[in-house]
Amino acid sequence: MMKGAIFATFCLALLGGFVHAEKECTPLTEAAAANTILLQAVEAAGLTDLLTADDASFTIFAPTDEAFTDVLTKLDITAEELLGMPEVLGEILKFHVLAEPKMAADLGTGGTFPTALTEASCDTTDLVVEVDDDGVTVGGGLTEATVTTADVEACADTVIHVIDTVLVPCPLKLGGDSAGGSGGSSSGGSK
């Protein structure tokens, strides 16, 4: 298992070195070196400007590198094949982003939260967050993830929660085929 190499670091690396009004951000480009696929995915999906805007204010549920590798295996595709599908990448990545920063305490007992995925290839655009004695789980699409590290503060009012599974909102159309994730529910839209 690749410890410490997380999807969150790509976001932090993109934001690294940016000086926010109240704090200086620490660049983590060295840590992001292990996140090459994810850095390329953000670029291929055309999300770099969104995530690095001066007024960026998000919550990012960030899968680990292991989670990203697992989803590629389950979908039976290579990273290069996925990188060649910017619409699919955009749908997956936007499903991990809430349009406002939410620390773990702000999630309360859970609920349904709108994501940056405002239009999807199915009816699922909201994340369902469940909080109980065992921790925090996030789902709403085809997969469900557990928060393994909460409240990583990044620059520009962005909060990152590290998760153990890539969230897949809809069955993916891969070269004419439809593929979905495993586990989780197939609920869609707001509840």
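The model shown is predicted, which means the values in this text are computed figures rather than measured ones.
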Derivation of the side chain to side chain contact (heavy atoms under 4.5 Å, CB included) call for V162 and V147
CA-CA 6 Å; V162 180; V147 173; over 6 Å; no
Under the 3.5 angstrom rule, does the side chain of D151 hit a backbone N or O of A104 as a donor-acceptor pair?
yes
First locate atom CD of E80, then atom CE of M85, and finally report the distance between them rounded to the nearest 0.5 Å.
11.0 Å
4.5 Å side-chain heavy-atom contact, I60 and V159:
no
More than 12 foreign heavy atoms under 6.0 Å from CD of E87: is that the case here?
no
Spell out, as yes or no, whether a donor-acceptor pair under 3.5 Å connects the side chain of H161 to the backbone of K102.
yes
Aromatic contact, F61 with H96 (centres under 6.0 Å)
no
side-chain contact (heavy atoms from CB on, under 4.5 Å) with F113: of T59, L107, D106, only one passes, and it is L107
Rounded at 0.5 Å granularity, tell me how far CD in E91 sits from CG in L117.
5.5 Å
So which atom in P101 and which in S57 form the shortest heavy-atom distance, rounded to 0.1 Å?
CD-OG, 2.9 Å
Do T148 side-chain atoms and D164 backbone N/O form a donor-acceptor pair below 3.5 Å?
no
Taking side chain as C-beta onward, heavy atoms only, is V166 less than 4.5 Å from D70?
no
Closest non-hydrogen contact found for V168 with T143 is N-OG1, 2.8 Å
Non-hydrogen atoms of V131 and G108 that approach each other most closely
CG2-O, 3.5 Å
For V128 and T112: C-alpha separation, side-chain torsions, deciding distance, then whether side chain to side chain contact (heavy atoms under 4.5 Å, CB included) applies.
CA-CA 4 Å; V128 178; T112 302; 4.1 Å; yes
Exactly one of V71, T78, T73 clears side-chain contact (heavy atoms from CB on, under 4.5 Å) with L75, and that residue is V71
For the side chain of D65 and the backbone of F68, is there at least one donor-acceptor N/O pair under 3.5 Å apart?
no
Enter the distance from T146:OG1 to D134:CG here, rounded to the nearest 0.5 Å.
9.0 Å
Tightest non-hydrogen contact, residues L83 and A44, listed as O-CB, 3.6 Å
Nearest 0.5 Å please: distance from the CG atom of L82 over to the CD1 atom of I77.
4.5 Å
Starting at CD of E144, measure out to CG of L167 and round the result to the nearest 0.5 Å.
9.0 Å
In this structure, CG of D132 is separated from OG1 of T137 (nearest 0.5 Å) by 6.5 Å
For the residue pair F95 and G140, what are the closest heavy atoms and their distance?
CZ-C, 4.2 Å
Hey, are the side chains of L47 and K94 touching, using non-hydrogen atoms and a 4.5 Å cut-off?
yes
Please report the shortest heavy-atom distance between C170 and L142, naming the atom on each side.
C-CD1, 3.3 Å
